[in-house]
Each structure stands twice: as structure tokens, then as C-alpha cells.
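Below is one structure, written out as C-alpha cells; the observations come after it.
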Amino acid sequence: MTIMDRVLTAGFRHNSKRLTKFDGLTPSETLPPPDTSRTYMLYLHIPFCVVLCPFCSFHRVCFKEDKAVKYFNSLRQEIRMAHEAGYRFGDIYVGGGTPTVMPRELAETLELVRKLSPIDSISVETNPDDLTPETMQIVRDAGVTRLSVGVQSLDNDLLKQMDRYEKYGSAENVMAGLERANGFFETLNADMIFNLPHQTDESLLRDVDLITRELEITQTTFYPLMSAESTMRKMLKMMGEVDFNREGHMYRLILDALPSNYTPSSAWCFNHKGDTTDEYVIENEEYLGLGSGSLSYLDGMLYSSTFSLNHYNRQIAAGKFGISRQQALTPRDRLRYFMLMNLFGLSLDKKVAEAKYPGFFRKLAPEILGLKIMGAVRDEGDKLVLTRYGMRVWILIMREFFMAVSDFRDLMRHAIKEELDAPGPLQIRVPTPELRPPGAY
Ligand code: SF4
């Protein structure tokens, strides 16, 4: 890691933690009134997984059928409530957890949303063991246009260290599933991780090769390893120490190894032959999240739903939304968030930015000047464009941003008992000491 990388990491970590600290956050059970002249992106969270991977800091719990059936019922009820509140949706993103853990429940949920609003696209996350002909048929019939598969690696040793080999299959089985699914959906995305402990350059290059040259998957996303403070200890025990000094080197390896028919649509997402389905946070600045553990960003306000499944079910049964926290972004942070997400998608349209936030370039002049001096962005007339070096910088920024979100999830998990015990105003306590190994960055 270069000195510049260290300085940037420290700066962006501080800012990301500040943005996601939800300091002085207020309990909330209501949604703001929607802008009825537009549609929203709907995010649905399905928090069940059959195996809990050691590196993962998402909101997920062990799958139990009775719990999941009850949860899907609550989720459909919350969707109806959002519709009655005036929200209309254009696109759906279903994340988890493992959204396909009960495919028929998922299909019924998606069909409900489609009945309430005309939907353009539906993106669903899944795991390789769910790439069976039957499950794929159910989700495609439910309108899914993009299936995103958590592959993580095609190295059997690494899959074993991640505790994924037994449950989600060997690299050979995963590849057979991907082959079945490729072409079956408009877009098939393979989520990969780089900078895993013990991952060698050769192993990473082999992954790039198998995904892009051998399988020619329509889309692939290479995430840097990210974790929350709470998962560091488990990860350290099962997978070994993370060396963040290798991250920049490994990212450059990926960029150099990708075939020329793969083009980036964000700093970490690459599309075969120009398919340009992007991440929902880029194309949809605002979105509504429903389900336990979902986040929403609406009109400059961040909302978080309760992480307690029992509390969530109880709220919905009482006719209330699952939202339990809200925090306003400062006007400057709103601008920064807009710039962060747009440049993550590789360019910022100046006219769009000024129309949405008058005075945008004057107000963020210091930040933009800094990015230009660093060589992270360049001016291309009516656009600011991320350079190749800027893509590396954005990997670092997004890693810090999502790790701060993960730390916020830790806080919410620690608030579960309080939410169940005391339905009044809540305080979130800081739960864990700094578990990141010293000098990790
Ligand atoms: S990585 Fe995916 S399958 Fe593993 S625990 Fe996290 S959400 Fe579940």
C-alpha cells in the first residue's frame, strides 16, 4: 500500500464512519410521503442463509423454514403498506442473505410487487447451489431479469477456508451451475472477491480467466474483501489475516487480465459486450428498503429497519413499518454522496448534478480540485470522468464506505435486545472494541 493509499484510507474511513454513525439518530416507524410523480427503486432484504460465511457482515441469520415463511408474509404485508402510502416502484433489487432460499415464497413476493406497479427490472442475489433448473425457472417466471450469484472464488482451497465448499459446491459444480444460468437470464452476474487471505496472484488470474474467457458470463463484479469489526475475529481464525497492502496490486492485476470485450460499468463491475446493468445504488440515488435489516435513502434521510426478526414481525402485525432509525444527511454530505455514487459509476454529468443540486460544483470545489490534482478524475467537457487511477481510489473509498455500513450493522444487531424489550426511544450502544488487526492498512 502506498503512502497515498494510507492517507486516503484514513481520510475516507473517518468520513465513512461519520456518515454511517447515525449519531443522534431518532427512532422512526414512518416513511416520508412519496413523490407521486416518480417511481422508486425497491430494495427487499431476505436475511436467511443455510451457512453463515465467516467473512460476511450482511444482516443474515440461519435458515429455518417456519421463520422464513412468517418473514415472507410480513414482507408482503409491508409491501402492501408502502403501496397504500403512495409508493410506486420501477425496479426491484432483492438482496440478502440468500433471497432464493425459498424460491416459491420469493416468486409470490415479486408477483405481488408486479401486480401493484409495472416493473422494468428485477435483480436477485443467489448462491451457486440454487442454480438448479427448477429454481431458475421459478425465479425467471417471477420476472427476474438479473441473477447475481455469490461465487466469491473458483479455487477449491479458498472455498473450503470460506466454509462454502460443502454447502455451495466445489469450483467444478459452481461452474456447471453458472454455465446453466448463463443465457437463461437477461443478465447473469458472478460476484467474486479479491484479496482473500491465502489468495495468490495465480489463483486470482485463474478466476478472471474462468469467468470471462471460459464461461463468458454476461457480467462480473470483483469486490475487494470487506468485513466488519465483529467478523474480523472469526475470519482471522478460519481464513487467516487479511493483508490490505496487496489490494491495489490485485486490483491492477484484474484490470490488466480482463479481456477487451469486458467493459467496466463501475469501478468493480465489468460487462461482457457492453451489457450495462449497473448497481442499484448508482442508478437510483434514492431507494426504499423493506424487510428486516434494509436501509433506505429518501429525500436526504437515511433510514434503517430493525435487525430483529421478531420485532419486525411484531411491527408489521401492528400495522407499522419495520423502520426503526433515521438520520438526516447534511446538505454537503448529500452532495458528496451524489458525487461518490456517480463517480463510482465512472462519470458525473455536470448538467444533471447542477440541475439536481444548484451550486454543486461551487460547493464541492475543494473536493473536486483535490481529485483532479491526485489524477483520480479528469474533465471531459460536460462530464467528470474517473481515470484508471481513480478507479483504484474508488475501490478504496467504497471498501471503506461499505465497511462503515457493516459496522453500522453491528450496532443495529446489538440494539436487537433493546428493541424487543423497550419499544420506547432507543439508544444504540457501541458494542465491540476495534478488532481490526493493528497495521492492517
Ligand atoms: S456471503 Fe452470502 S451466503 Fe454467505 S453468509 Fe453472507 S449472505 Fe449468506
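Quantities reported herein were computed from a predicted structural model and do not represent experimental measurements. We count ligands from 1, going down the list as the structure has it; atoms in each ligand are counted the same way.
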Pairing donors with acceptors under 3.5 angstrom, does anything connect the side chains of Gln219 and Arg146?
yes
For ligand 1, which atoms have a heavy atom of Cys49 less than 4.0 angstrom away?
3 (S), 5 (S), 7 (S), 8 (Fe)
Checking Tyr223 against Trp268 for the ring-ring contact (aromatic ring centres under 6.0 Å, His included) test, could you report, in this order, the C-alpha distance in whole Å, the side-chain angles of both residues, the deciding distance, and whether it holds?
CA-CA 6 Å; Tyr223 296 98; Trp268 58 38; 4.9 Å; yes
Glu65, CD: over 12 other non-hydrogen atoms inside 6.0 angstrom
no
The closest protein heavy-atom partner of atom 6 (Fe) of ligand 1 is Cys56 SG, 2.3 Å
Does at least one non-hydrogen atom of Gly97 fall below 4.0 angstrom from an atom of ligand 1?
yes
Should the pair Tyr337 and Phe401 be assigned to parallel (<30°), tilted (30 to 60°) or perpendicular (>60°) ring geometry?
tilted
Where ligand 1 meets Asn127 - atom numbers and elements under 4.0 angstrom, heavy-atom basis
3 (S)
For Arg164, take its heavy atoms, then give the atoms of ligand 1 lying under 4.0 Å from any of them.
1 (S), 3 (S), 4 (Fe)
Centroid separation under 6.0 Å, is that true for the rings of Tyr71 and Tyr312?
yes
How about Cys53: does one of its N, O or S atoms come closer than 2.8 Å to atom 4 (Fe) of ligand 1?
yes
Using heavy atoms and a threshold below 4.0 Å, how should the contact between Val51 and ligand 1 be classified: side chain, backbone, both, or neither?
backbone
Test ring-ring contact (aromatic ring centres under 6.0 Å, His included) applied to Tyr87 and Tyr40, step by step
CA-CA 7 Å; Tyr87 279 90; Tyr40 289 83; 5.1 Å; yes
